[in-house]
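All remarks here apply to the structure that follows.
Proteins get letters first, then strands, A, B, ... in listed order; numbering begins at 1 in each. Just so it is clear, the structure is predicted and the values come from calculations on it, not from any experiment.
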Amino acid sequence: MSRKTPQAIRGTQDIFGADAEAFAFVVETFERVRRLYRFRRVEMPVFEKTEVFARSLGETTDVVSKEMYSFEDRGGESLTLRPEFTAGIARAFLTNGWQQYAPLKVATHGPLFRYERPQKGRYRQFHQIDAEVIGAGEPQADVELLAMADQLLKELGIHDVTLHLNTLGDAASREAWRAALIEYFLGVKDQLSEESQERLEKNPLRILDSKDPRDKPFLADAPKIDAFLSEEASAFFAAVTSGLDAAGVKWVRAESLVRGLDYYRHTAFEFIPDEGSASAAALGSQSTVLGGGRYDGLMESLGGAPTPAVGWAAGIERLAMLVGAREVEALQVAVIVEDDSLVSMGISANSALRQAGMSSELVAAGSPRKRYDKGSKLGASAIVVYSLVDGHPDIRMKSVDDDLAERIKGVVYDSPE
RNA sequence: GCGAUCGUAGCUCAGUUGGUUAGAGCGCCGGUUUGUGGUACCGGAGGUCGCGGGUUCGAACCCCGUCGAUCGCCCCA
């Protein structure tokens, strides 16, 4: 290990080989499915004014103060590497007048940055796919978005995850529920874990998904959102669930599923591996594969007109773990040159094969005697060998695939020298 | 920020209660087999055992520190 080589930044990854193939498979599948649902592609900046994220997330949270990659540029302006897509898309929607396209369905993917301690399925630079519907307040938008997520997971071959669904109601319902939770947990405060006692002040909803055994006894009897839902909020949720049923999307109710941020309204959801499944084992403690919700309050926090919106995002690395290692596509042709005087013949054959749409590798270096071995190890369906027989150039071809053999003959034997 | 486990060739790993010049497989390079669909044989390069200190006659091994990795807690947009 050379002392001079700089190390990669903590929490960044160099993805290669089968893992990189799995990553690409996730992105390609997402791109294909997103077209089926007519989501339009957007490309966003990787960094924004810190304000964009601070205002949308809420200034107070740990998330803003500790988990963002922020820095000053040369003009002294505070910038931040995007920790999520939603805030930047909302900003673009407002600054570019995309209201004219509403309701707007957009999709994107790329790197995101969060200053966190790396662990299984969590990195400082990680990658997500993302889909948003902006300017659509009706429950059908939630249904469409969730149907797309469900289809994506199935097309990725992931069948052991389930949609966990909840509603947070409208702003009034949500506040009433929150107040009731605080009151309830205050009553048993002494018996809660230290973490949850702190959460009581900062983020009471989060007590509901505490992992601490000391908290669990109190969770079952905690107030439920359903008791606080307004008539409209109930109707909205009912429309979402019946729409999902109609679309054939399986779901389970998750009464304790919450969102930390204030701008979330109504639908909140996560796709989570089924207990004991292969996917659950593959993900370790990072169980959520895809998550999102309705964020009707966000646009206002960025100074825009009230605009309903709903979206989700999913970690590409986590999806790639569930998809499993994928091998590179098999090589079709290995071109082996066993005598250096024939190298240019090999080069032109290799080149002609590729231009004719066949994947090809040239083996013309190293010990001539070992080239055949080296070439055959590439695992190609066909091998083309250039060698010298009695001082004359000789071409031989072997193939396990007759159609491929014909295609090769058409290219290699007819190519102008 | 906290905790646990781990750091030996390019890769995956051995290394006996501390004992001489630190090993294997794979990969890489070269040679042999006049070989032709992966599998043979021989040889070679490549390691201050993460780094720094300590204990000891002697440390890859024991102790302390440090850096890094992994997994978990907190947090999770």
Side-chain angles (χ1 to χ4, degrees), chain A residues 1-3 5-13 16-17 52-58 60-69 80-90 112-124 126 128 130 132 193-196 198-199 202-203 205-206 209-212 257-264 268 270 283-288 291-293 295 298 301 311-315 318 331 333-334 336 338 363 365-390 394 396-401:
Chain A
M1 200 64 62
S2 168
R3 199 176 288 171
T5 305
Q7 292 167 326
I9 304 300
R10 182 197 294 273
T12 61
Q13 341 164 55
F16 176 75
V52 169
F53 305 111
R55 281 173 60 180
S56 70
L57 297 170
T60 60
T61 54
D62 272 18
V63 163
V64 169
S65 55
K66 292 154 97 174
E67 313 277 347
M68 297 204 309
Y69 263 100
T80 295
L81 300 179
R82 64 184 181 195
E84 59 158 8
F85 282 113
T86 308
I89 290 174
L112 302 172
F113 305 83
R114 296 179 185 174
Y115 200 96
E116 297 186 289
R117 194 82 179 217
Q119 53 183 287
K120 193 180 186 73
R122 294 184 80 169
Y123 306 94
R124 288 189 173 180
F126 60 106
Q128 285 189 341
D130 181 276
E132 316 274 351
S193 66
E194 298 78 28
E195 283 88 5
S196 286
E198 234 176 276
R199 282 192 272 244
K202 287 182 173 172
N203 205 346
L205 305 202
R206 280 275 161 202
D209 48 29
S210 169
K211 292 169 189 165
D212 197 299
L257 187 117
V258 296
R259 304 273 86 160
L261 303 179
D262 290 338
Y263 59 63
Y264 280 102
E270 293 179 359
L283 286 175
S285 71
Q286 308 305 319
S287 53
T288 301
Y295 52 94
L298 174 62
S301 70
W312 56 250
R318 289 188 196 174
L331 175 64
V333 191
I336 299 167
E338 294 197 298
V363 180
S367 166
R369 292 178 172 224
K370 295 220 161 147
R371 288 181 197 170
Y372 191 87
D373 259 1
K374 209 193 264 183
S376 60
K377 277 188 187 173
L378 293 174
S381 302
I383 289 181
V384 176
V385 185
Y386 287 83
S387 58
L388 228 42
V389 175
D390 301 330
D394 179 66
R396 274 163 300 149
M397 193 255 294
K398 288 206 165 188
S399 177
V400 295
D401 176 338

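Considering only residues two or more places apart in sequence or on other chains, A/Glu67 meets the salt bridge (Lys or Arg N to Asp or Glu O under 4.0 Å) condition with none of them. With sequence neighbours excluded, the residues satisfying side-chain contact (heavy atoms from CB on, under 4.5 Å) with A/Tyr123 are A/Gln13, A/Phe126, A/Glu317. For the side-chain contact (heavy atoms from CB on, under 4.5 Å) test, residues two or more places apart in sequence or in another chain that qualify with A/Ala90 are A/Leu298, A/Met299, A/Leu302. Residues meeting the side chain to side chain donor-acceptor pair (under 3.5 Å) test with A/Asp401, sequence neighbours left out: none. Annotation: salt bridge (Lys or Arg N to Asp or Glu O under 4.0 Å) contacts of A/Arg206 (sequence neighbours excluded): A/Asp209. Taking A/Ser196 as the reference, A/Ser193, A/Arg199, A/Asp215 meet the side chain to side chain donor-acceptor pair (under 3.5 Å) condition, with sequence neighbours excluded. By the side chain to side chain donor-acceptor pair (under 3.5 Å) test, A/Arg114 is found to be paired with no residue, residues two or more places apart in sequence or in another chain being considered. Scanning for side chain to side chain donor-acceptor pair (under 3.5 Å) contacts around A/Thr86 gives A/Glu132, with sequence neighbours left out.
Listed by first and then second residue, the salt bridge (Lys or Arg N to Asp or Glu O under 4.0 Å) pairs involving residues 115-124 of chain A are A/Glu116-A/Arg122 (not counting sequence neighbours).
Taking the P atoms as reference points, B/rU32 lies 49 Å from B/rG68, given to the whole Å. Distance noted for atom C1' between B/rU48 and B/rU21: 15 Å (whole Å). When the P atom is used for both B/rG10 and B/rU39, the distance is 26 Å, rounded to whole Å. Distance check on atom P: B/rA45 versus B/rG25 gives 15 Å, rounded to whole Å. One C1' atom belongs to B/rA60, the other to B/rU17, and the distance between them is 16 Å to the nearest Å. If you take atom C1' in B/rA59 and the same atom in B/rU16, they sit 16 Å apart, rounded to whole Å. Look at the P atom in both B/rG7 and B/rC62: the space between them is 10 Å, to the nearest Å. Remark: the separation of the P atoms in B/rU55 and B/rC64 is 15 Å, to the nearest Å.
For RNA chain B, each stem of at least three Watson-Crick or G-U pairs (distances under 3.5 Å) is given as range with range: B:1-7 with B:67-73, B:10-13 with B:23-26, B:28-32 with B:40-44, B:50-54 with B:62-66.
Using a 30° and 60° split on the angle between ring planes, A/Tyr115 and A/Tyr69 fall in the tilted class, from 30° to 60°.
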Tabulate atom names and distances for all N/O pairs under 3.5 angstrom spanning the protein and nucleotides 68-71 of chain B.
unit_1: B/rG68; atom_1: OP2; unit_2: A/Arg10; atom_2: NH2; d: 3.3
unit_1: B/rA69; atom_1: OP2; unit_2: A/Arg10; atom_2: NH1; d: 3.1
unit_1: B/rC71; atom_1: OP2; unit_2: A/Lys120; atom_2: N; d: 3.1

Pairwise N/O distances under 3.5 Å, protein to nucleotides 42-45 of chain B:
none

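Within the 4.0 angstrom heavy-atom criterion, base atoms lie near A/Glu338. Contact annotation for A/Ser399: base contact, defined as any heavy-atom pair under 4.0 Å involving a base atom. Here A/Lys374 lies in heavy-atom contact (under 4.0 Å) with sugar-phosphate atoms only. Residue-level contact check: A/Glu195 touches the backbone only, with heavy atoms under 4.0 Å from sugar-phosphate atoms and none from bases. Counting non-hydrogen atoms under 4.0 angstrom, A/Leu112 reaches nothing in the nucleic acid. Within 4.0 Å (heavy atoms only), A/Ser196 reaches no atom of the nucleic acid at all. The residue A/Ala382 sits close to a base: some heavy atom pair falls under 4.0 Å. Within the nucleic acid shown, A/Ala313 has no heavy atom closer than 4.0 Å to any nucleic acid atom.
Side-chain proximity of A/Tyr264 to the nucleotides B/rC73, B/rG38, B/rA77 is greatest for B/rA77. Of the candidate nucleotides B/rC76, B/rC75, B/rC73, B/rC76 has the atom nearest to the side chain of A/Asn203. When the nucleotides B/rC29, B/rG27, B/rG37 are ranked by their closest atom to the side chain of A/Lys377, B/rG27 comes out on top. Considering only the side chain of A/Val400, B/rG37 comes nearest among B/rG37, B/rA77, B/rU39.
With hydrogens and angles ignored, the 3.5 Å screen pairs a side-chain donor or acceptor of A/Ser210 with a backbone N or O of A/Asp212. A side-chain donor-acceptor contact under 3.5 Å links A/Ser376 to the backbone of A/Tyr372.
Here A/Ser367 reaches the OP1 or OP2 of B/rG31: one of its side-chain N or O atoms lies under 4.0 Å away. In this structure, A/Arg199 reaches the B/rC75 phosphate: one of its side-chain N or O atoms is under 4.0 Å from OP1 or OP2. Of the side-chain N and O atoms in A/Arg122, none sit less than 4.0 angstrom from OP1 or OP2 of B/rC76.
Salt bridge annotation for A/Asp394-A/Arg396: present, with a cationic side-chain nitrogen under 4.0 angstrom from a carboxylate oxygen.
Scanning both residues, A/Ser56 and A/Ala87, for their nearest heavy atoms gives OG-CB, 3.3 Å.
Ranked by how close their nearest RNA chain B nucleotide is to the 5' end, A/Tyr372 and A/Glu84 are led by A/Tyr372.
Atom pair A/Asp373:CG and B/rG30:C1' shows a separation of 14 Å (rounding to whole Å applied).
Residue A/Arg369 places no side-chain atom within donor-acceptor reach of the base of B/rU32, judged by atom type and a 3.5 Å distance cut-off alone.
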